[in-house]
Amino acid sequence: MGSAGATLVRFLLLASIVAGFAAHLAAGEKDCYDERDSVIRMCKWTIKKGSPYLTPDMPCRLEARKVDMPCICRVLTAADERIISPEKLVRCSREAGVALPVGSKCGSKHSCIQRLMLL
């Protein structure tokens with residue numbers, strides 16, 4: 001095999017590794033999107049935008065404890081933020097006993113610390 005053939009083999013190997021890694025990431029994010037939908041459904045009265053914050057009920061607290069809240073915060077979209085308040089989501093998470101890492105970003109605009117200071 002000549003130099004061009006070896007280069008082609010290396011390129012194809014690298015491309016397959018990258019494609020496998022991207023597929024793994026996409027599969028992981030899908031789980032997080034499902035969790036996001038579940039939290040929005042279970043905690044809708046607590047995190048709903050345009051209404052006063054309500055203390056999370058037990059089903060909401062239990063859901064917040066079992067999901068990957070930092071991941072949910074990372075995947076919130078602008079469309080999600082038209083329906084729910086990331087600030088309320090952070091507060092709900094905290095009240096459910098799930099502390100987000102300091103400096104975490106939740107949603108599209110502010111870090112968690114900035115959001116907590118806004119509450």
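As a basis for the values below, the full set of heavy atoms in this structure was taken, side chains included, without hydrogen atoms, waters or symmetry mates.
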Rounding to 0.5 Å, atoms CG (Leu76) and CG (Leu89) come to a distance of 6.0 Å
Glu81 side chain vs Ser108 backbone, donor-acceptor pair below 3.5 Å:
yes
With clusters built from Ile, Leu, Val, Met, Phe, Trp and Tyr whose side-chain heavy atoms come within less than 4.5 Å, directly or transitively, what are the remaining members of the cluster of Met42, listed by chain and number?
none
Is Lys88 reaching over with its side chain to a backbone N or O of Lys48, donor-acceptor style, under 3.5 angstrom?
yes
Donor-acceptor pair, distance only, cut-off 3.5 Å: does the side chain of Ser93 make one with the backbone of Val98?
yes
Just how far is it from atom CD1 of Ile40 to atom CG of Asp80, taken to the nearest 0.5 Å?
4.5 Å
By side-chain contact (heavy atoms from CB on, under 4.5 Å), Ala79 pairs with (sequence neighbours left out) Thr77, Arg82
Any side-chain heavy atom of Thr46 sitting closer than 4.5 Å to one from Thr55?
no
Verdict with supporting geometry, Ile47 and Ser85, side-chain contact (heavy atoms from CB on, under 4.5 Å)
CA-CA 6 Å; Ile47 62 176; Ser85 164; 5.7 Å; no
Could you tell me which non-hydrogen atom of Cys92 sits nearest to which non-hydrogen atom of Cys43, and how far apart they are?
SG-SG, 4.1 Å
Which atoms form the tightest heavy-atom contact between Val75 and Arg36, and what is the distance?
O-NH1, 3.7 Å
Side-chain donor/acceptor pairs under 3.5 Å, residues 58-73, sequence neighbours excluded:
| from | atom 1 | to | atom 2 | distance (Å) |
| --- | --- | --- | --- | --- |
| Arg61 | NE | Pro56 | O | 3.0 |
| Arg61 | NH1 | Glu95 | O | 2.6 |
| Glu63 | OE1 | Lys66 | NZ | 3.4 |
| Glu63 | OE2 | Ser38 | OG | 2.4 |
| Arg65 | NE | Ala96 | O | 2.7 |
| Asp68 | OD1 | Cys71 | N | 3.3 |

